[in-house]
Amino acid sequence: MNLLDKKVLLAPGPVPVPPQALLAMAKPVIHHRLPEFSAILNKIREDLKYLFQTTKDVLFFASSGTGAMEACVANLFKPKEKVIVVRGGKFGERWGELAETYGLNPIYIDVTWGEAVSLETVKKTLEENPDARGLLIQAHETSTGVKHPVAEIAALTRNTEVLLVVDAISALGVYPLPFDELGIDAMVAGSQKSLALPPGLSFVALSDKAWQRVEENNESPRYYFDFRKEKKALAKETTAFTPAVSLLYGLSEILNRIKEVGLPSLFAHYKRLSEACRAGVKALGLELFAKTPCEALTIIKVPEGVDGLKLMKLMREKYQVTMAGGQAKLKGKVVRIAHLGYQGPLDVIVALATFEMALTELGYKIPLGAGVAAAQKYFLETEEE
Ligand SMILES: *Cc1c(COP(=O)(O)O)cnc(C)c1O
C-alpha cells in the first residue's frame, strides 16, 4: 500500500465494507457441520427474516446476485411456461436472457431506458396473457436508476397464478420492500450492494405460492441452485453445500448492526444521501437520468461536449474516486454515484466535489462548489432520524 493512494469506492457494487464486518470476516474458519456453525446459521436465519420483512426462511447461496436470479428462473418455472419480463435496462435484459436460457416463453414489456414501467401497460399485458405464470422485474434498474412501481404491481399479481419475482439486488435495505405485506413471491438480493459486504453471497425470499411451484417443478434442470435441497438442509440447521463461512461471519455482523439501528432509520439514511446528492446535481445545472429515481444511486447525464469516458478515467486515476459509468448504450453518457453500503453524508460531498473538479478540468463551465454547497445545505437543514 502506498500512503499517497487513498481510494474511495462509490460504485453501485461492490461497496465499502465497515471495519467491524472486515474484522468479523478475519476470524478463523470453522467447520460447517458443527453445532457451532448451526448456532450462527440460526441467528442469521432470524435476522434475515427481519431484513426481508418475512416470516419464512430466506435462502442464500455462495454466488453473486445473478446466481440467485438464475435460481429463481430454474426453480419457479418450467420450460415453455410464459413469463412477463419488464425490460428497461441492463438487468431487465438479464431476466430475459435467463428466461430464454431455461427455455421459458418470455413476453417482453420494453421500457425506454430512464423511465419506469407504466402500471397500465403491466395491467394490460397481464390481461392479454392469462396463461402467464410469472412477472420478472427489478425493484429499481441499477443501470438507469429508475424505481419501478413494485407495490402497485404486487397488488395486481397477488391473488393470481402469476408469481411476482423481484430483483432487489441493490434495493433491499435501502427503501421499504416489505416482502410478506406486499405479497411478493420471490425477492433476490446480493451481499456487495446494500448489505455492505464483499461480493459472494446471494439471497432469495419465497412466498408459499412460490414454494408450491418449486415443489411441483420437476422439469427444469438445477443442481447447486436447488431450492428444495436448501430447504431440507435448513430444517436440519445446516446448508446443502459448503457455505461461504467467512462471508457469513460478516453477514452476521451486518445484520446485528441493521437490527440495532432498525429498518426505518436505515431507509431514512439512504433517502437523505440520495436527496442531498440530487440537490447538488440540480445546483450545478445538470440533469438526472432517471425520471423516477431510486434512493440507491444518483445517475447524472454527462453534459453535452464532455467525453464521459475521459471524465470517469480522470476521477478514477487522478482523484482515486471510483464511481460507475454507463452500461451498454449508456456507456460514456452517464455517471452513476452509489449511495450504498457503508456510506455517510461526507461520501456524497466527496462524490460531488470530485465530479465538479473533473468537469472543470475538462473545460466544462459549472459554478465550482455549488453542488457541494447545496448538499451541505441539505444536510444542515435535515436531521438524521
Ligand atoms: C448488481 C445487480 C445485479 C447483478 O448482480 P451481480 O451480483 O453482479 O451478479 C442484478 N440486478 C441488479 C438490479 C443489480 O443492481
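Order of appearance sets the numbers: ligands from 1, and atoms from 1 within every ligand. Only heavy atoms go into these numbers, but all of them, side chains included; no hydrogens, no water, no symmetry mates.
Of all the heavy atoms of Lys193, the ones lying under 4.0 Å from any atom of ligand 1 belong exclusively to the side chain. Only the side chain of Ile169 comes within 4.0 Å of ligand 1, counting heavy atoms alone; its backbone N, CA, C and O stay farther away.
Residues Tyr270 and Tyr175 place their aromatic rings such that the two centres sit no closer than 6.0 Å.
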(Q) Show, in sequence, the C-alpha distance, side-chain angles and deciding distance for Glu46 and Lys49, and conclude whether the salt bridge (charged side-chain N to carboxylate O under 4.0 Å, His left out) test is met. (A) CA-CA 5 Å; Glu46 283 318 302; Lys49 288 177 190 169; 3.1 Å; yes
Q: Evaluate side chain to side chain donor-acceptor pair (under 3.5 Å) for Glu361 paired with Tyr319, printing each intermediate quantity in order.
A: CA-CA 12 Å; Glu361 199 167 329; Tyr319 296 99; 2.9 Å; yes
Q) Ile84 and Tyr108: side-chain contact (heavy atoms from CB on, under 4.5 Å), yes or no, with the steps? A) CA-CA 6 Å; Ile84 297 166; Tyr108 291 110; over 6 Å; no
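Using modelled atom types and a 3.5 Å distance limit, the side chains of Ser118 and Glu120 yield no donor-acceptor pair.
The closest protein non-hydrogen atom to atom 8 (O) of ligand 1 is Gln192 NE2, 3.8 Å. When hydrogens are left out, the protein atom nearest atom 10 (C) of ligand 1 is Phe91 CD2, 3.2 Å; that is the closest non-hydrogen contact. Protein heavy atom closest to atom 15 (O) of ligand 1, with residue, atom name and distance, is Thr142 OG1, 2.5 Å.
Close contacts of ligand 1 with Thr66, meaning ligand atoms under 4.0 Å from a residue heavy atom, involve 4 (C), 5 (O), 6 (P), 9 (O). The contact set between ligand 1 and Ser64, taken as ligand atoms under 4.0 Å from a residue heavy atom, comprises 6 (P), 7 (O), 9 (O). Counting atoms of ligand 1 from 1 in the listed order, those under 4.0 Å from a heavy atom of Ser170 are 15 (O).
Cation-pi contact between Lys193 and Phe91: present, with separation from the ring centre below 6.0 Å and deviation from the ring axis of at most 45°.
Distances shorter than 4.0 angstrom occur between a heavy atom of Arg94 and an atom of ligand 1.
In terms of heavy atoms, Ser170 sits closest to Ala296 at O-CB, 3.5 Å. Of all heavy-atom pairs between Pro18 and Ile254, the closest is CG-CD1, 3.7 Å.
No N or O atom of His140 sits closer than 3.5 Å to an N or O atom of ligand 1. Of the polar atoms of Asp167, at least one N or O is found under 3.5 Å from an N or O of ligand 1, judged by distance alone. Remark: ligand 1 and Gly65 share an N or O pair separated by less than 3.5 Å (distance only, no angle test).
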